[in-house]
Amino acid sequence: MREKLLYGLGLAAILYLVRNLYVIFLVLPDELAQGAIYRVFYFHLPGYFTAALCYLLAGIFSAMYLITRKWKWDSLAAAITEVGLPFAAMNLITGMIWGRIIWGIWWTWDPRLTSALISALIYAGYLMLRQAIPDPTERAKNSAVMAIFAFASVIFTYKSNEWFRTQHPGPVLSIRTGGGTIDPQMEWMLAHNLFALLLLAGLLLAIRWRQEERQREIESLRREALSFS
Amino acid sequence: MIAAAWQIARKDLRQELRSKESLNAALSLTVVLLILFSFAFDPAAEDSKQWSGGLLWLVYSFAGALIVNRSFARELMNDCLEALRASPVPSSALFLGKAVACFLILMGVELTALPAFCIFYDVSLLGAPWTFIATLALTTWAVTVLGTMFSALTVNLHMRELMLPVLVYPMLIPPLVAAIELTRGVITGEPASEIWFRLLIGFDIIFTALAVALAEVVLTD
Amino acid sequence: MSNPLMQGSGVMLGAQGVWRYFGDFPALRDITFEIEPGACVALLGHNGAGKTTLLKLLARLAAPQKGTIAAPPLTETGYLGHGLGLYEDLSAIENLRFWGELHGAAEEASGQWLKRVELDHVATAPVRQFSRGMRQRVALGRAFQHFPKLLVLDEPFTGLDERSVKLLQEVLREALERGSTIVLSSHQIPEVMALATRTLKLDRGRLV
């Protein structure tokens, strides 16, 4: 049953993404000032939101683990961090492509870019820490603590950016600006693609979560087997 | 709790002064790096005042990683960490004591290496000595409080010497950036924005509180 | 303390339905027992049966995931695990004073201990220079110089030299005379049985 649900979800996500790609490339017109390149934006911003949501959930799941000490939360935290990183990469890479065309450079040490990169590094560190701890209880506990530090650090880095000058474009969504800076058709498309990416992230999370749980079962069976030898 | 923390700090300091294992390593690394950097960046260059402060903080953060690495690793020999956990010392006191010891050791290394930096790079910090000392103390605490926490988190790992910098440096970027900006202000004589101090103080408060709150979780099984 | 074990019966040490896991694997399964004050309990069982885990719970080094442990506070507990818990760079007296202060031992306890184990002439020498037997004698003071009400020892006789074995037996006997409770695990059955008033046997995480 669960298998079928996952396949169904996977199919839905793929179809949805294909439909979005079709609209983005073949239906929507070029943007007035930037031309065709603005299209990366449909992945840039939703990718960022998805990654940020994953970071937030990783922090919440980790805190839940420390409070309840239920394995479920540890596997979820591990899974969602792994799922978040490709979306962070999507955000960074599309941003770099855009920067190459519009700014003429792949990378600039702008606070906003820097903080996105730092966040990805921190969460990559989290996954490395998990890899390095063999004992499951210690792994769950220590990586949960690390995830909380990571989240505090990401928030801190992000907030401290607001104090610095940035050359990154300002907010465009109408909830932040009150409308007028973005074509409603384009904003609608952004929402569509955000939803598609979230669907994809949910699917990946379900798969990775199950793998984590299985892996832990195998580990404890191994220990059980050793106790009889 | 403060008394217990101080007992731990005193013990760590005494151990370090006896063995000098991380003191010597950190000090010689600092000097070697200062020499090496002088080949990468010409200290006689006109714009050297712009970047020499940043270089100093790079060197200091390397020294910091060496020192915090030893903090909990020092307790592994003869299972002292287990004995400490079986003692009535609260985990938060144990953590704070160790962080304070690291802070004092790192400050010692930094202040000892400072004249070498000033001579090699023809820099004077006397324009705004108090700004520099405040920067030094606040940033060193940021490095040690986070570093000691991760020293505890990675103490049982085989690769702890490698893991710790990989995990800690990305998180230390905001305070290090602040320290670099403030130090540049001191060296060039054009004071940096006070915002950097706010950042440093905010970082110290948030991460000290978080570390003390989570020490119990980290240090008990 | 709302622990039922602590109330009424006068029991200061025990476990009630205790489970402790490594991952999903239960190292201790539904452990329940009571230990009367002044007892000397030998904890027996094969390697991996959960002895060390149970001792750590009693010494409050870890908490059970399920069930409750009744044990005196850490100030009244002395724990001697596999390691000696000594700092190599500090002298014998510095080591003992450090641990003594943490446990709230009397100030003169450290000096008295060194005199007793005939190490007062090397009190200021770093432990690094001590022989194995000398370290063991210092370590016993490290764990028990504050005269704890509960002594927890994990394989204490393993690897001890003859003199230290004697000393340990003396220390344990004195503790029992003071009315302290002792829980220890050991492979050296004869040494333990000479002292033990009762035994607990663990098999794959269960009391048998």
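Not measured: the values here are computed from a predicted model.
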Would you compute the distance between atom CZ of C:F22 and atom CD of A:E138 and round it to the nearest 0.5 angstrom? 10.5 Å
What is the distance from atom OG1 of A:T137 to atom OH of C:Y21, rounded to the nearest 0.5 Å? 11.5 Å
I'd like to know whether [atom1] of [X] has more than 12 heavy-atom contacts from other residues, nucleotides or ligands below 6.0 angstrom.
{"X": "A:R19", "atom1": "CZ", "answer": "yes"}
{"X": "C:Q65", "atom1": "CD", "answer": "yes"}
{"X": "C:K201", "atom1": "NZ", "answer": "yes"}
{"X": "A:W107", "atom1": "CH2", "answer": "yes"}

Please flag which part of A:E217 lies under 4.5 Å from any non-hydrogen atom of chain C: side chain, backbone, both or neither. both
